[in-house]
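Indexing begins at 1, ligand by ligand and atom by atom, following the structure's order.
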Amino acid sequence: MADLVTLTPEGLYCQQGGFHIDPWRPVPWALITHAHADHARRGAGTYHAARSGVGLLQGRLGPEAAIRGHAFGKPLAFGDVTVSFHPAGHVLGSAQIRIAAGGEVWVISGDYKRDPDPSCETFEVVPCDVFVTEATFALPIYRWDPIDRVMAALLGWWDANAAAGRASVLFCYALGKAQRVLAEIGVRTDRRVLVHGAIDALLDAYRDEGVALAPTTPVGARVRGESYAGELVIAPPSAFGSPWMRRFGDAGTGFASGWMRVRGNRRWRGFDRGFVLSDHVDWPGLLATIEGTGAGRVLATHGYADTLARYLREVGLAAEPLETRFDGEAEDVE
Ligand SMILES: [Zn+2]
Ligand SMILES: [Zn+2]
């Protein structure tokens, strides 16, 4: 039997359904897993996505983009195949895409994680024959700490800087990570957090979906010359070292990313503190998920796809890497 999903110059393609998944070139029908720039690109005729992510997608693709939102789990007919969206736990509205035809089921995971995240829907294990998985952190060294430990370290760092009369500037990806941190802060304290404009622009899409975030103020709304001592500021990595930083004076700087697991990583340098926090699945979560799906064949995208495919073949699964154009936790992408 021919593969239900194949790789074409436009991206992942389901011929029987007539649609592409997260295509990187213009196509008539695009099914989108989530709103990150490497998965949601402009130029498709019609987009289909999980309903709770439509606000973020519209912001990414522009007001003229035609986007149809669908409830999680609802079966949709495309040509000869049945499609449904299932939560991926990566960012708000992120979805795995289940494709069924002729008794065979494929699941395209997009990006996903298994750790709890109050800012998005919880990952659902979807049984399938073929699982297309991301492999951003597919090495045994990548294991995430419990979120309580990460947040205790982050809040402790904020307190220590405040006691020293300094601001704390935390850098993290503007879409997903920033809102996750704001949601986690919101369940632990009612303190106000200052946010960079690029992050502020994405908060309404979360609050409109009922996600509770810590109270925020855009940095741009502050009076010139007002002190930032004791404040926590959240900003995208691109703002690090930019003139925008000058207003904070001698601030403590931190970076929240899965890459912080490896000391000496080039992304670590220059920041005072690293917090290991990722919106991607870690190594144990990846293996547990693959096993949970019951898939006999696995196709790996992102990052360590070759390593993961080799490992899976050694344990008896059919596995290959897929040469897609998706990035991992690349700077300013996620
Ligand atoms: Zn992503
Ligand atoms: Zn990705």
*Asks:* Under 2.8 Å from the Zn ion (ligand 1), is there any N, O or S atom belonging to H34?
*Replies:*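 Coordinating: yes.
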*Asks:* Would you call the rings of H70 and H48 parallel, tilted or perpendicular, taking 30° and 60° as the class edges?
*Replies:* parallel
*Asks:* Taking backbone and side chain together, does H36 place any N/O/S atom at a distance below 2.8 Å from the Zn ion (ligand 1)?
*Replies:* yes
*Asks:* Under 3.5 Å, is there a donor-acceptor pair between the H36 and H90 side chains?
*Replies:* yes
*Asks:* Quick one: is the NZ or CZ of R222 closer than 6.0 Å to the six-membered ring centre of Y228, and within 45° of its axis?
*Replies:* yes
*Asks:* Is there side-chain contact between F131 and S109, with heavy atoms separated by less than 4.5 Å?
*Replies:*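 In contact.
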*Asks:* Give a yes or no on whether a salt bridge exists between R325 and D22, defined as a side-chain N under 4.0 angstrom from a carboxylate O.
*Replies:* no
*Asks:* Tell me which N, O or S atom of H90 sits nearest to the Zn ion (ligand 1).
*Replies:*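 Per the distance ranking, H90 contributes NE2 as its closest N/O/S atom to the Zn ion (ligand 1).
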*Asks:* Please report, to 10°, the angle around the Zn ion (ligand 2) from atom OD1 (D111) across to atom NE2 (H39).
*Replies:* 90°
*Asks:* Closer than 2.8 Å to the Zn ion (ligand 1), do we get an N, O or S atom from D38, backbone or side chain?
*Replies:* no
